Number of protein chains: 2
Amino acid sequence: MTDSNDKPLSSSQRAVHELRQMILTGQLAAGTDHLESELAAHLGMSRTPVREAALLLESKGLLEMRPRKGVRILPVSPDDMREIYDVLTELESLAAQRAAEAGYGPKDLTLLTESLHRMEQALEKDDLEAWAEGDEMFHSELVRLGGNKRLQDIVSMMIDQVRRARSSTLFMRPKPLKSNEDHRVVLQAIRDGDADLARSRHHQHRQQAKDVIISLLEKHRLRQL
Amino acid sequence: MTDSNDKPLSSSQRAVHELRQMILTGQLAAGTDHLESELAAHLGMSRTPVREAALLLESKGLLEMRPRKGVRILPVSPDDMREIYDVLTELESLAAQRAAEAGYGPKDLTLLTESLHRMEQALEKDDLEAWAEGDEMFHSELVRLGGNKRLQDIVSMMIDQVRRARSSTLFMRPKPLKSNEDHRVVLQAIRDGDADLARSRHHQHRQQAKDVIISLLEKHRLRQL
DNA sequence: GCATTCATTTGCGTATACATTAAGGAATGC
DNA sequence: GCATTCCTTAATGTATACGCAAATGAATGC
């Protein structure tokens, strides 16, 4: 395992990546406790790098460390989702505004355009998983285009926190036709340099996504994901 | 040193607090490097808790850890300030909106009212430091009233990042009469449940603060604070 | 004098040992 | 049977030791 400079990752960094993945996929299920020693054995390293990794993931809101009970994977409740989506919505909308103000040319918007294309193709094939990938690509690229690294990091952190809930509800939600339409409008607004439209349409989009996912969680009594 | 449950803080937690304080006050100056061993000696503990503390503070954007060069205290540039203020402005404005929507009674708003009173008294005495304390209290309480814990944590993180720059420029800026006026309007809007006004006035307030501080930094060639 | 090589030093990341203390279970008393 | 006390176990937080690799300085060759 290497990082972007082809240097092998330290054990601690590897532990971060693998624990994060296990949390996001639900392999380490919400609400479960795991001793440091157990995780260390599983990852094939000593407790020290595992502890470092867990401390970091704790600061990103994915788990909590409780002495003598171990590492608890934090569940996400509908109220948590409200909090997270509020933060996400504000920050992504600002990114959309900034992207529209930035005066990007067509080349700059290649990935954003491609992600939209992917989503459209996925919906034609009723492939919701491919659609979700395109959606993630769109949002991630949009935030990158907003040009604020701190904002990007915070959004990433929030996205991680809602990952399991989004995956769990992917097949329960209506076909995301409206999402694709919103994405198209946001992209066009960015092309046109229309910051107000980019911002408000994206805000509305995220707000609706929040309402949809929360009502699904409540309807299906999914209290701790 | 104890936490809120009167349990003694672990060495690692103490290291977090003390290093953070040293960074915020400039005792550990921006741009300087410090070996883990050096910090450990200074704090009177082994390297392990210092390393854990430094990793946490790195994730909060206050420092970076560079192998063999040690812990580098991250300077803050005018561009950093732009990023930070953008995030702050969006999130605090949302908090103001939510506070106004929440229907708080006069008792709930005691601390917010008191902080305003302190700022006004401080300005009558030309005591800018007391004013800054009141200002911090106002903003912190406003965000708490917004009721989103994640938002609160992010704002705290951003505030820490701009702390030195704000302290350094406190006596360079115009007398903050407009600030006090803005705070009054925001508080009244919250009392009245006027979410739009609370949000927009606060947004404008933070936007202006951003402009003021950045122009001060640039005017005085303060590139790395 | 400059470039290269080699040896030494040192800082980091990790593994391991240790001290502390919380938790659980067993024994005792009412 | 339940509450209390005592003892044992085990998990954590920390200190220390160790291996690795990067950095530095000295020696050598051209």
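These numbers come from the heavy atoms of this one structure, side chains and all, not from hydrogens, waters or symmetry mates. Since we're looking at a predicted model, the values are computed, not measured. Every chain is numbered from 1 and lettered A, B, ... according to where its sequence line falls, protein lines coming before strand lines.
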Counting the benzene-type ring for Trp, do B:His139 and B:His205 have ring centres under 6.0 Å apart?
yes
Atom pair distance, as rounded to whole Å: CE in A:Met65 and C1' in D:dA11:
11 Å
With no hydrogens and no angle check, is any side-chain donor or acceptor of B:Ser115 less than 3.5 Å from a backbone partner on B:Leu112?
yes
Positions of residues 50-59 of chain A (non-hydrogen atom under 4.0 Å from DNA chain D), listed by number
A:Arg51
When you measure from the side chain of B:Gln13 to the backbone of B:Pro8, do you find a donor-acceptor pair of N or O atoms at a distance under 3.5 Å?
no
Are A:Leu109 and A:Leu145 side-chain neighbours, meaning at least one heavy-atom pair lies under 4.5 Å?
yes
Residue that, paired with B:Phe138, satisfies side-chain contact (heavy atoms from CB on, under 4.5 Å) out of B:Glu114, B:Met119, B:Arg118
B:Met119
Whole-Å distance separating the CZ atom of B:Arg47 from the P atom of C:dC12
6 Å
From CD of B:Glu36 over to P of C:dT10, roughly how many Å is that when rounded to an integer?
17 Å
Please report the distance, rounded to the nearest Å, between CZ in B:Arg72 and C1' in C:dG11.
18 Å
Validation row: A:Leu142, A:Ile190 side chains within 4.5 angstrom (heavy atoms)
yes
Between A:His202 and A:Gln97, is any side-chain donor less than 3.5 angstrom from a side-chain acceptor?
no
Along DNA chain C (nearest heavy atom to each residue), the more 5'-positioned of A:Lys69 and A:Ser10
A:Ser10
Specify the separation, in whole Å, of atom CG of B:Asp33 and atom P of D:dA23.
13 Å
Could you list the protein-to-nucleotides 6-10 of chain D atom pairs, N/O on both sides, closer than 3.5 Å?
{"unit_1": "D:dA10", "atom_1": "N3", "unit_2": "A:Arg68", "atom_2": "NH2", "d": "2.9"}

Between A:Arg66 and B:Gly44, just flag the one whose closest nucleotide in DNA chain D comes earlier from the 5' side.
A:Arg66
Sequence neighbours excluded - side chain to side chain donor-acceptor pair (under 3.5 Å) pairs with any residue from residues 29-43 of chain B
B:Thr32-B:His34, B:Asp33-B:Arg66, B:His34-B:Glu38, B:Glu36-B:Arg47, B:Glu36-B:Arg51
Between C:dT14, D:dT16, D:dT12, which one does the side chain of A:Thr48 approach most closely?
C:dT14
Side chain of A:Ser12: nearest nucleotide among D:dT14, D:dA15, C:dT14?
C:dT14
Do B:Asp80 and B:Ser77 get their side chains close enough for a donor-acceptor pair, meaning under 3.5 Å?
yes
